[in-house]
Amino acid sequence: MKWFITFYNEKVEAETLSFPPGILANFLHIAEMIGEYGPLLGEPYTKAFGEGLFEIRSKGKEGIGRSFFCTVKGKEVIVLHSIIKKSQKTPKNEMKIARNRLKEVKS
């Protein structure tokens, strides 16, 4: 059985699909792998943050994209928040958005 990827809302879907072409292509490639093999691919594709929060690690010639996600019952992956990284470290406020949405989805 394959895994399904959905988005937290239309805004998150639009943000993710508006990644620059190279980053978007890498995101879509990783999303296909998640659909086939599940979300626990490990680095360099995905990374766990604990408490059920993970990230898709997309790269392209334009930079680095991050899409935070969680899994729910069955084989569904929900993309909670997506950003283009502008610094080495992921900003705390971006992580806070993802964690708040994770709590909302899990409750």
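This one's a predicted model, so the numbers in the text were calculated from it and none came from an experiment.
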Calculate, to the nearest 0.5 Å, the distance between atoms [atom1] and [atom2] belonging to [X] and [Y] respectively.
X: Lys59; Y: Ile30; atom1: NZ; atom2: CD1; result: 10.0 Å
X: Ile64; Y: Ser58; atom1: CD1; atom2: OG; result: 10.0 Å
X: Met95; Y: Glu55; atom1: CE; atom2: CD; result: 7.5 Å
X: Ser18; Y: Ile23; atom1: OG; atom2: CD1; result: 10.5 Å
X: Phe69; Y: Thr16; atom1: CZ; atom2: OG1; result: 12.5 Å
X: Lys75; Y: Lys2; atom1: NZ; atom2: NZ; result: 11.0 Å

Shortest non-hydrogen contact between [X] and [Y], atoms and distance:
X: Leu102; Y: Gly52; value: CD1-O, 3.9 Å
X: Lys106; Y: Thr71; value: NZ-O, 2.7 Å
X: Pro91; Y: Ile83; value: CD-CD1, 4.4 Å
X: Phe27; Y: Ser67; value: CE1-OG, 3.5 Å

- Task: For side-chain contact (heavy atoms from CB on, under 4.5 Å), just list the numbers for His29 and Met33, CA-CA rounded to whole Å, side-chain angles, deciding distance to a tenth of an Å, and then say yes or no.
- Result: CA-CA 6 Å; His29 172 70; Met33 290 193 313; 3.7 Å; yes
- Query: Step by step, would you call Arg57 with Asn26 a side-chain contact (heavy atoms from CB on, under 4.5 Å)?
  - Reply: CA-CA 9 Å; Arg57 304 165 58 86; Asn26 189 240; over 6 Å; no
- Message: Is it the case that atom CD in Glu51 sees more than 12 heavy atoms from other parts of the structure closer than 6.0 Å?
- Response: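 No, because the 6.0 Å sphere around CD of Glu51 holds 12 heavy atoms or fewer from other groups.
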- CZ/Phe19: more than 12 non-hydrogen atoms of other groups inside 6.0 Å: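 Check passes, neighbour count above 12.
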- Task: Apply side-chain contact (heavy atoms from CB on, under 4.5 Å) to the pair Leu53 and Phe68, showing each step before the final yes or no.
- Result: CA-CA 7 Å; Leu53 185 64; Phe68 302 98; 4.1 Å; yes
- Task: Determine, stepwise, if the pair Val79 / Thr6 fulfils side-chain contact (heavy atoms from CB on, under 4.5 Å).
- Result: CA-CA 6 Å; Val79 177; Thr6 59; over 6 Å; no
- Message: With no hydrogens and no angle check, just 3.5 Å: does a side-chain donor-acceptor pair link Tyr8 and Glu13?
- Response: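 Note: Tyr8 and Glu13 side chains miss the donor-acceptor criterion.
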- Query: Ile97, Leu80: one ILVMFWY side-chain cluster at the under-4.5 Å cut-off?
  - Reply: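 Different clusters: Ile97 never reaches Leu80 through Ile, Leu, Val, Met, Phe, Trp or Tyr contacts under 4.5 Å.
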- Keeping the roles fixed (side chain from Thr46, backbone from Pro39), state whether a donor-acceptor pair exists under 3.5 Å.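 It does hold such a pair.
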